[in-house]
Chemist: 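My questions all concern the structure below.
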Amino acid sequence: MDLSSLLPELLKGFTHFTIGNAVMITAALVLIYLAVFKEIEPVLLMPIGFGCLLANIPLAGMTAVEGMMGVLYNAGIKTELFPLLIFVGVGAMIDFSPLLAQPRMVLLGAAGQFGIFGTLILAVLLGFPLNQAASIGVIGAIDGPTSIFVATKLAPELLAPIAVAAYSYMSLIPIIQPPLMKLLTTKKERLIKMDYAPKPISKTTLIFFPIVLTIVVGLLVPEATPLISMLMLGNLLKMSGVVDRLSKAAENEIINIATLFLGLAIGSTMNEAAFLNFDTGKIMALGLFAFVLDTVAGLLFGKLMCFISGGKINPLIGAAGISAFPMAGRLAAKTASDEDPDNFILMHAMGANTAGQLGSVIAGGILLSVVSKMLGL
Amino acid sequence: MDLSSLLPELLKGFTHFTIGNAVMITAALVLIYLAVFKEIEPVLLMPIGFGCLLANIPLAGMTAVEGMMGVLYNAGIKTELFPLLIFVGVGAMIDFSPLLAQPRMVLLGAAGQFGIFGTLILAVLLGFPLNQAASIGVIGAIDGPTSIFVATKLAPELLAPIAVAAYSYMSLIPIIQPPLMKLLTTKKERLIKMDYAPKPISKTTLIFFPIVLTIVVGLLVPEATPLISMLMLGNLLKMSGVVDRLSKAAENEIINIATLFLGLAIGSTMNEAAFLNFDTGKIMALGLFAFVLDTVAGLLFGKLMCFISGGKINPLIGAAGISAFPMAGRLAAKTASDEDPDNFILMHAMGANTAGQLGSVIAGGILLSVVSKMLGL
Amino acid sequence: MDLSSLLPELLKGFTHFTIGNAVMITAALVLIYLAVFKEIEPVLLMPIGFGCLLANIPLAGMTAVEGMMGVLYNAGIKTELFPLLIFVGVGAMIDFSPLLAQPRMVLLGAAGQFGIFGTLILAVLLGFPLNQAASIGVIGAIDGPTSIFVATKLAPELLAPIAVAAYSYMSLIPIIQPPLMKLLTTKKERLIKMDYAPKPISKTTLIFFPIVLTIVVGLLVPEATPLISMLMLGNLLKMSGVVDRLSKAAENEIINIATLFLGLAIGSTMNEAAFLNFDTGKIMALGLFAFVLDTVAGLLFGKLMCFISGGKINPLIGAAGISAFPMAGRLAAKTASDEDPDNFILMHAMGANTAGQLGSVIAGGILLSVVSKMLGL
Amino acid sequence: MNNLLLSLQITALGMGLVFGAIILLWLMMILLTTFTADKQTQPEESAPPQADPVTQTGFKAQAAALAVAIALAEQGQSAAHPLPEPPTAIVSAWQLGMRTSQRAQKGNFRRP
Amino acid sequence: MNNLLLSLQITALGMGLVFGAIILLWLMMILLTTFTADKQTQPEESAPPQADPVTQTGFKAQAAALAVAIALAEQGQSAAHPLPEPPTAIVSAWQLGMRTSQRAQKGNFRRP
Amino acid sequence: MNNLLLSLQITALGMGLVFGAIILLWLMMILLTTFTADKQTQPEESAPPQADPVTQTGFKAQAAALAVAIALAEQGQSAAHPLPEPPTAIVSAWQLGMRTSQRAQKGNFRRP
Ligand code: NA
Ligand code: NA
Ligand code: NA
């Protein structure tokens, strides 16, 4: 060992450090900053940012196949285990009774998926191949695990920017949606009060719902089965009331560990080659477009339902149909009560919001099915 | 893409749906119904039922090797990790002091295993090959993880019906046992009161017991080592009192997650080909036979001990020797106090019951050893 | 099946039992005894001891590749997942504010690593090849996960004795350090009181620290990145205050499960061939030497700082620089207050102690880097 | 521009299928709530369209209470950070889900 | 019928081995409880066979208390569902294990 | 003895690098604490070297309180087992970490 060969060894961390690494580490710091100081989806953006940081420390070897991040990626992203386990936990946290009490609200969950397809068209126009365009479009599902699940199948190379876009804009919903709500609805529409005299929902209904829904959606859209079934499994564990141990595990241990590992593994795919290109910028822009288009479609459909019902439906709840559970539902209710503190549409908005959750998963499965078929995958 | 090719694609979920799928989904619904509304072992039957449902939605791909259920199966059933992890948790919940205070109770844990071998003989008579007959016999261990562990080694193709039989009948014990108890014992026998003036059991004894038992059983029956050692590890974590963090993890996170995943993975093997045949019906019948035979053997041995002891032992505690911890122990005590509210034999019954737990694992290991040897496995 | 072939089958557990197995089981019992009755690092020594017991029950098959212990070893030790996950949890339990309030304390964390290299030299003199000598030296990191991580990379065949030495002596620190402290410091030195008027540490500093440290250490010593980054990830989860769910999971579920599995898997490598040789004795002796040398180097450096500062630094805090968080820090403070109940140096000692934790990881990474390079690994 | 045509086809097909599936779900939900409704509901409860005044009052009171709670919650948050969102989406999902569930229970099951 | 013969052999051998192993465990337990008994037990406690009246009374009181507790528990359950079993076996295993453990501690360690 | 030479080289190089890295960390910490200090600290707080008497008194009181707590804890432990160490290192790490954190907060943030 002579000293002339030593110096490069000592400085190898610096000599292998590229401008690209620096830019990506800056991106990682921005994500962590947004997570910590702006509290934008911190449970996901913090692990994603930290994973990105680790992927851009040269020679650390953590993203190699046998490195920790590689192990997590292969164990939980490639197998799609992590997004599905997260859905078990999310399912245990959703209450479908507002939707079951007003079944027609489910229609709003269909309208709020138009952003997926509109964004797909725009992405194709911008030159993305079909599989990538579809993966980008699914940001319009406005639902993290669905976006990750579909992108992993169709275009895993875009997983990181898609996940980042999905989760970042999800938290920006309180900034994105209100202007659109005011722009597209009249004051008179926003003042519409809605009766809430729901059918009583029996415990039996709440227990049957996740089971029947799994079978129906499974038969209609087999590709949506993994996502919808895990969501419904979590819901069944909770609603049945007889397996407290399991529903608590789903809501806590399982979702927490899966979320941490998923974030780290996705962040660790954010290397220079995959992320630092013009496409990433386009994807971020397309993601924003997807959110806007979803909201617009939801609101317009809300206005249509308002018209058809003879002015009995407040079109604001249309904006809750985009998914983004439960923020979008709460935001619609808040916008209505900002206009008139006595106007309380939370239950209707939550019905539309859970419908949006279902619609997102179904749309994701349909997209996967149609695009796979067309591409002969 | 022309529309004539579209329709089959749209309806593929329905066109691939077979009568067999329909029957199996009905079976899944029955399992979930029993779990939710009859509260029959819900922590296991609900995941098993849900897994069965998923396995019978055509084209969903969840049971493929790279599907979620396939991943769970290979990670935890094929490796036998899940039943063993469940045993770590069960071990942390068992208290062996009633048994250690009255060591002769351990004999009842041997008698209660006769059902294993009797059922094996009957299964052979019904035409099952030896490896399958032995796996069916082990339902008579009346202990879920033991049944699953042995069946995975000897006849994995029968795993699902064996697991379903084991857990279903386990919960039906309050229906299966009492008539047999009344039939096989006289009122005079059921009225026998037993002194409970146990030796004081020191903390040291409780700590040494799981360690020594692991070594002794490990040397006597090496095949039983995985099961017995994990049961004893859990017990040691708990009894030592110095690793609260670990024993809490065993009793909660580890057992809950393993139980959920084990149930789903086993349920997902319940496809048409594996389940819908005459054998399944035979296995369910043989399982019931195993439960009855175990109880009868336990009670008869109890009567023998009663006779030998000069009427000092209540034969009802023999029924607790079948394992099915802790239901069988409680049931024996309840039957005695139903006859005479002042007759309290819970501690004796629990001693016999924990002995049955040990006897089941040992019998499972012996069966595995003998049958593997005979079949040259 | 004739009976003459049966007897060997029945007694196979005993006939395959070797003297070596007996010795190793005795060693296992000693480890469990120390864990349970002397409370020496029970969360690790108990699983290690139990794993060792299982590895020495003949024909149990648990340490085979497809046995439970083999599965755990390949899943978490070979991939280095378990020590890294433990570090996430440890990071969430460390508070760096005493160190940040007195940054010069960090120097003590460098001095306390001399034992690593001194032990390496001695191990080479005793005839160990370089990779093994370096792995033995890293016992002097006085930090379990670091020792295990480095040994897994350089000399996995020595993992068990190294882990046992590291954790055993870690708990013997209250016996090892005080005599050295009294021997190497004068009463006057031990009576030195230190001002504690720290700079106020802002929440922002505490949040930036783990991020910046990961980048700086990652660039300086890429090989240390996995360890340091997971420690800092845990710390960031905790200090950010916005991801309670994740930091609780890190501090509880993740660390508890990883600790139990790591202990079992390491213990299960303690078979006769790997453990029962003269090397194991040497390693235990060298491990003790490493602990002593670390403490001596720390104390001497403390005396140097005392001299340079004009008697303002109590040299006892040097002994806290060896890592062994948080026992060493507490012990230094206790020794000072034993001398004078009014002398309170806990905050300074904890600063040095957390510096030792950082220094250990850095030294481990440097050792890994230098030795890998020299051996052309 | 073959891809553009394809993407337009996908959109038409996709939105059609989404609406189709959702309408089937609507049907399913109507059937499900009908068939699994509690049998022992009193006559006055089985007539939900004509919400009686008491119910409406109770509902308004609940709405007011919730509005106050939300206002208080937002007030508490506003000092801490600019976005009036809870720390994490998951936590807030839970909180709102539970709150919603409690309200729903009140509204549906325990109405006097 | 070769398999039947085999299965009979397995049964004879298996039950023999089970009983053999259990009898060895019995022996082990006797030795273990003897060698690891608390050394500082008072003389009157070291004579368990002749249970003194106080102990018996205490035992009966405990038995009565437990019987009442079980009766109450069953009463509480009977309204909820037909099988007087707890929701899950695992939960009940824990509950009974703990209850048993508490009783055992009372009986064994804290007797006056 | 080639290995011995190598090991000496490793030691020289290794300890040099460790000290080098640690000194860089020292620098980093100084910069970090300077740049990320709270801006709204009062003037008297921004002069830490001249600790005012009140702070010192508060500090001594804290030290005394902690000493008493430690003494009590050790007294409680001494009966149970020879080594005055807590049951598990992890638990104690947590306890001490938390205690340290609480003290630090008192000392740093809530000083009057
Ligand atoms: Na959506
Ligand atoms: Na049994
Ligand atoms: Na060290």
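Chain naming here is simple, since letters A, B, ... match the order of the sequence lines and numbering starts at 1 in each. These numbers were taken from a predicted model, which means no experiment stands behind them.
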Chemist: Taking all heavy atoms of E:I22 and all of B:G359, pick out the closest pair and write down the distance.
Modeler: CD1-CA, 4.1 Å
Chemist: With a 4.5 angstrom heavy-atom cut-off, which part of B:F96 approaches chain E: side chain, backbone, both or neither?
Modeler: neither
Chemist: So for atom CZ, which belongs to B:F208, do other residues, nucleotides or ligands contribute more than 12 heavy atoms lying within a distance under 6.0 Å?
Modeler: no
Chemist: With a 4.5 angstrom heavy-atom cut-off, which part of B:V216 approaches chain E: side chain, backbone, both or neither?
Modeler: side chain
Chemist: Could you check which of E:L8, E:L25, E:T33 has the highest count of heavy-atom pairs closer than 4.5 Å to chain B?
Modeler: E:T33
Chemist: With a 4.5 angstrom heavy-atom cut-off, could you sort out which part of E:M28 is near chain B: side chain, backbone, both or neither?
Modeler: side chain
Chemist: Would you say B:T205 and E:T36 are linked by a side-chain donor-acceptor pair, where the criterion is simply a distance under 3.5 Å?
Modeler: yes
Chemist: Out of curiosity, B:M105 CE to E:M29 CE, how far, rounded to the nearest 0.5 Å?
Modeler: 10.5 Å
Chemist: Answer with side chain, backbone, both or neither: which region of E:L24 has an atom nearer than 4.5 Å to a non-hydrogen atom of chain B?
Modeler: side chain
Chemist: Output a table of donor-acceptor pairs, distance under 3.5 Å, between side-chain atoms of residues 106-124 of chain B and any protein atom two or more places apart or on a different chain; print 'none' if there are none.
Modeler:
residue, atom, partner, partner atom, Å
B:Q113, OE1, B:S360, OG, 3.3
B:Q113, NE2, B:G109, O, 2.8
B:Q113, NE2, B:G356, O, 3.4
B:T119, OG1, B:G115, O, 2.5

Chemist: Just wondering, do B:L130 and E:I10 contact through their side chains at under 4.5 Å, heavy atoms?
Modeler: yes
Chemist: Measure distances from B:I173 to the heavy atoms of chain E and classify the residue's part below 4.5 Å as side chain, backbone, both or neither.
Modeler: neither
